[in-house]
Colleague: 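Here it is, the structure, as structure tokens.
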Amino acid sequence: MILLSLQGVQKSFGTNEVLRDASLVLQDGQRMGLVGVNGCGKSTLMKIIAGLETSDGGTITMQKGLKLGYLAQHGDVDLHRTVLEEMESVFEPVVQMEQEMRRLEVEMSQCGDDETMLRRLGSQYDQLTREFERRNGYGWKSQVQGVLAGLGFRKDQQSLQTGLLSGGERTRLCLGRMLLSEPDLLLLDEPTNHLDLKSIAWLEEYLTAYKGAVLLVSHDRYFMDHVCDRMCELLLGATECYDGNYTRYMEQRTERFEIRMRAYELQQKEIARQEAIIARYRQFNREKSIKAAESREKRLEKVERLEKPKDESAIRFRFDVRRRTGEDVLMVEEMSKGFDGRELFAHVKMHLRAGDRVALIGDNGVGKSTLIKCLMGIQQADCGTVRWGAGVDIGYYDQHQAFLHDHKTVLDEVWDDFRRMDQTEIRSALGLFLFTGDDVLMPVSTLSGGEKGRVALTKLMLRKDNLLLLDEPTNHLDMDSREVLEDALENFPGTILAISHDRYFINRFATKVCVLEKDGLKEYLGNYDDYFEKINRQQEPDGDTAGMTRTALEKEKRRSREEERRIRERKQALKQAEEAVAKAEEEAAALEARLADPATYQDAELAARLAREYQLKKDEVDELYLVWEELEGQEE
């Protein structure tokens with residue numbers, strides 16, 4: 001059953017056309033993810049569907065009586081209620097229903113011998129009881145507590161006035177309130193913002209089991225992989241829909257783009273060939289040839305020209321290092337930190353070695369950012385020691401971009417830190433992060449969160465540090481940019497310690513997950529999926545030293561690092577083999593095309609040489625395939 005249908009929806013703000021042909025169909029029970037680069041109009045489209053914005057054109061059709069629930073990125077709450085009262089307000093009709101049932105019970109007890117009145121009241125009571133049960137009248141309080149716990153609200157927070165909550169906590173409260181209202185269609189704009197990993201995992205399970213339909217905007221690719229069964233991409237004002245989750249969408253998107261590009265290129269070749277023939281006919285300047293040229297021109301004019309496939313650009317860069325570190329990069333012993341008598345964490349031990357790629361995770365408020373700032377010396381730990389290894393150059397990415405200067409232009413912000421470089425080099429570096437032309441003259445104060453993040457990444461790239469301390473580096477980046485950041489970190493030869501809630505990102509770069517808790521740090525080998533599997537099996541952390549001597553532990557860690565290095569090297573070799581095969585096949589295809597051209601055989605010597613080159617190239621392709629197959633077998 002179709003709940004929602006959009007056809008050709010358009011929206012402009014002044015001369016800026018945001019939507020020109022937005023179309024999608026959402027069926028009952030479907031969970032659709034809406035994706036696209038920052039600023040492409042996803043939130044605008046959600047507001048149009050929710051009725052908060054009007055469209056300039058197109059049609060929007062909804063099922064009659066459809067109940068919508070819309071979560072904006074910044075939600076509103078009643079500031080005079082407590083957290084619990086705000087959540088329970090969803091069930092006010094149920095509370096009133098229960099009060100009515102109690103009233104009817106009293107009236108029935110007073111009917112005496114009036115059977116007519118008793119039957120009438122009994123009928124009302126029976127109908128009301130059935131509706132009360134349908135609305136979970138006996139279990140809604142437990143449901144409220146379950147949602148509050150799932151979204152990370154502790155018991156002691158439930159009595160707080162909502163006016164005392166942070167912006168993120170209010171958004172979480174709005175999400176919980178909306179989930180409890182159970183609308184037919186949930187419209188969620190960045191629902192995982194302000195949620196820790198436990199709350200995100202809970203929300204995944206909740207939405208997967210949700211009976212209604214869901215349309216969500218999110219930058220959390222792991223979340224969409226687990227929740228969505230259909231994807232819709234908003235690209236240059238138009239939409240295109242795909243079956244499957246985010247990973248399947250990426251595969252189909254690449255396939256479709258390549259098919260369209262091939263079709264476009266073939267048509268362009270045919271058009272060029274026809275135009276060359278027409279030009280030749282006209283050169284003959286005879287009546288018959290001119291008529292033939294005009295006939296071909298008419299046929300060419302009737303050809304429906306394919307548009308060149310467009311793909312919005314993503315940032316492209318790589319991290320490098322000036323020098324290598326020693327084997328030991330960072331050693332932390334017994335670090336503790338608290339504020340105003342409240343202890344964040346204690347007894348933190350950490351040992352980073354060259355080449356480690358560590359994801360630092362933990363509940364919101366446990367002090368992950370504070371720990372990084374203590375390592376950097378931005379904040380002072382209450383106790384503990386921090387020792388850096390030989391030759392360590394630290395690159396720090398702050399999620400709030402506190403070290404950018406609002407009064408500077410983008411160009412000056414970067415250039416002032418790299419005075420030995422000329423303006424062309426700085427502009428080229430900024431160009432890699434999509435700052436071109438007059439964009440570099442914009443004041444930092446006018447930039448969006450994503451743009452500020454790209455400025456900070458530009459500076460980080462130019463520094464060429466061998467240790468990267470990253471605090472939520474994927475925040476504010478669109479999905480394509482996140483993919484490129486992951487590629488850059490994958491090929492980074494140094495050491496990485498990164499705080500992140502982005503599980504897809506953690507899976508891409510991490511070989512170790514460290515969980516920060518109040519009483520210390522727990523270490524798990526592998527990426528997020530490996531960590532999640534271990535905690536579900538209730539396995540001990542890999543960093544636990546119980547039953548192992550220091551020598552045995554060091555040997556085990558050395559073996560683990562060697563295995564991680566071998567895995568990285570195998571992956572890199574496999575990638576290089578794939579690229580070599582693709583390049584050789586392309587060169588063989590080019591030689592084959594020349595050999596297929598009859599004009600080639602007008603020169604016997606050229607034809608013979610090309611035939612030899614083609615055979616050698618085919619042999620090279622076969623050899624490269626053997627190398628690739630061997631490496632592929634090692635991966636398995």
Side-chain angles (χ1 to χ4, degrees), residues 1 3-4 28-31 50-51 62-71 75-155 157-162 170 172-188 191 199 202-215:
M1 182 190 303
L3 296 185
L4 173 69
D28 187 19
Q30 273 188 340
R31 296 181 295 276
M62 296 185 189
Q63 186 189 66
K64 188 175 180 181
L66 184 71
K67 183 181 176 184
L68 282 175
Y70 172 61
L71 176 76
D76 295 322
V77 295
D78 187 334
L79 301 181
H80 302 293
R81 286 174 171 164
T82 65
V83 169
L84 184 60
E85 288 169 348
E86 184 69 14
M87 293 288 276
E88 291 183 339
S89 67
V90 173
F91 293 97
E92 283 177 1
V94 180
V95 173
Q96 292 171 5
M97 204 177 294
E98 187 174 17
Q99 291 171 352
E100 179 66 12
M101 288 167 63
R102 299 291 85 81
R103 187 187 66 78
L104 288 172
E105 288 169 357
V106 172
E107 287 190 19
M108 285 191 292
S109 68
Q110 296 172 349
C111 280
D113 298 330
D114 191 344
E115 293 184 5
T116 304
M117 177 65 75
L118 187 61
R119 278 197 300 272
R120 182 175 64 79
L121 292 174
S123 176
Q124 291 179 21
Y125 186 81
D126 184 53
Q127 291 178 8
L128 204 57
T129 301
R130 284 200 294 269
E131 181 64 16
F132 184 74
E133 289 174 350
R134 189 185 71 79
R135 295 199 185 188
N136 194 26
Y138 297 108
W140 65 267
K141 289 188 177 180
S142 297
Q143 190 180 356
V144 168
Q145 289 300 319
V147 171
L148 282 169
L151 292 175
F153 286 100
R154 303 184 308 275
K155 279 282 186 183
Q157 290 179 299
Q158 294 183 16
S159 58
L160 287 176
Q161 292 286 324
T162 58
R170 290 182 194 177
R172 277 192 282 146
L173 191 60
C174 288
L175 173 60
R177 188 181 60 193
M178 190 184 65
L179 293 176
L180 289 172
S181 69
E182 297 185 341
D184 303 315
L185 172 57
L186 283 172
L187 302 175
L188 306 176
S199 298
W202 174 86
L203 183 59
E204 277 174 9
E205 290 184 16
Y206 191 99
L207 293 179
T208 302
Y210 192 71
K211 294 178 181 178
V214 179
L215 178 63

Colleague: How long is the gap from OG1 on T208 to CZ on R31, to the nearest 0.5 Å?
Modeller: 5.5 Å
Colleague: Can any side-chain N or O of S199 pair as donor or acceptor with the backbone N or O of G150 at less than 3.5 Å?
Modeller: yes
Colleague: List the steps, then state whether side-chain contact (heavy atoms from CB on, under 4.5 Å) holds for L148 with L84.
Modeller: CA-CA 9 Å; L148 282 169; L84 184 60; 4.0 Å; yes
Colleague: Suppose we screen for side chain to side chain contact (heavy atoms under 4.5 Å, CB included). Which residues come up paired with K155, at least two apart in sequence or across chains?
Modeller: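 Q145, Q158.
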Colleague: Run the side-chain contact (heavy atoms from CB on, under 4.5 Å) check on V147 and F153 step by step: do they pass?
Modeller: CA-CA 9 Å; V147 171; F153 286 100; over 6 Å; no
Colleague: Can you see which heavy atom on M101 is nearest to which on T129, and at what distance?
Modeller: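 So the minimum-distance heavy-atom pair works out to CE-OG1, 3.9 Å.
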Colleague: Working to the nearest 0.5 Å, report the span between CG of L175 and CG of L180.
Modeller: 9.5 Å
Colleague: Could you pull out all residues at least two apart from R134 that satisfy side chain to side chain contact (heavy atoms under 4.5 Å, CB included)?
Modeller: E131
Colleague: Counting distance only, does the side-chain N/O of S109 pair as donor-acceptor with the main-chain N or O of V106 below 3.5 Å?
Modeller: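 Yes, because the side chain of S109 sits within donor-acceptor range (under 3.5 Å) of the backbone of V106.
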Colleague: Taking atom CZ of R102 and atom OH of Y125, what is their separation to the nearest 0.5 Å?
Modeller: 5.0 Å
Colleague: Sorted by first residue and then second, give each ring-ring contact (aromatic ring centres under 6.0 Å, His included) pair with at least one member in residues 76-123; sequence neighbours left out.
Modeller: F91-W140
Colleague: Taking the side chain as C-beta and beyond, is there a heavy-atom pair between M178 and L188 under 4.5 Å?
Modeller: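 M178 vs L188: side chains touch.
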Colleague: Just checking E205: does its CD atom have more than 12 heavy atoms from other residues, nucleotides or ligands closer to it than 6.0 angstrom?
Modeller: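 At most 12 heavy atoms, drawn from other residues, nucleotides or ligands, come within 6.0 Å of this atom.
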Colleague: Give me the atom names and distance for the closest heavy-atom approach of L68 to P183.
Modeller: C-CB, 3.7 Å
Colleague: When you measure from the side chain of D184 to the backbone N and O of K67, does any donor-acceptor pair fall under 3.5 Å?
Modeller: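 Indeed, once roles are kept as given, a pair shorter than 3.5 Å links the two residues.
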Colleague: For E98, is there an ion pair with K141 - N to carboxylate O distance below 4.0 angstrom?
Modeller: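 A salt bridge is absent here (no side-chain N lies under 4.0 Å from a carboxylate O).
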Colleague: Going by heavy atoms in the side chains, are Q161 and T82 under 4.5 Å from each other?
Modeller: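 Q161 vs T82: side chains touch.
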Colleague: Evaluate whether atom CD of E115 has more than 12 neighbouring non-hydrogen atoms of other residues, nucleotides or ligands under 6.0 angstrom away.
Modeller: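 Atom CD in E115 is not packed in, count stays at 12 or less.
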Colleague: Over all heavy atoms of both residues, which pair between L128 and E100 is shortest? Give the atoms and the distance, please.
Modeller: CD2-CG, 3.4 Å
Colleague: Roughly how far, to the nearest 0.5 Å, is the CZ atom of R177 from the CG atom of L151?
Modeller: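 Those atoms lie 12.5 Å apart.
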Colleague: Testing the basics here: between L121 and E107, what is the closest heavy-atom pair and its distance to 0.1 Å?
Modeller: CD2-OE1, 3.4 Å
Colleague: Is there a donor-acceptor pair closer than 3.5 Å between any side-chain N or O of S123 and the backbone N or O of R119?
Modeller: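 Not at all, since once roles are kept as given, no pair shorter than 3.5 Å links the two residues.
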Colleague: Where is the tightest heavy-atom contact between R81 and E86, given as atom of each residue plus distance?
Modeller: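 That closest heavy-atom pairing would be CD-OE1, 3.2 Å.
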Colleague: Looking only at heavy atoms, what is the nearest atom pair of L185 and V214, with distance?
Modeller: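 Looking at all heavy atoms of both residues, the closest pair is CD1-N, 4.1 Å.
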Colleague: Counting distance only, does the side-chain N/O of Y206 pair as donor-acceptor with the main-chain N or O of L179 below 3.5 Å?
Modeller: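 Yes, because the side chain of Y206 sits within donor-acceptor range (under 3.5 Å) of the backbone of L179.
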Colleague: If you measure from CG on L3 to CG on L215, what distance do you get to the nearest 0.5 Å?
Modeller: 11.0 Å
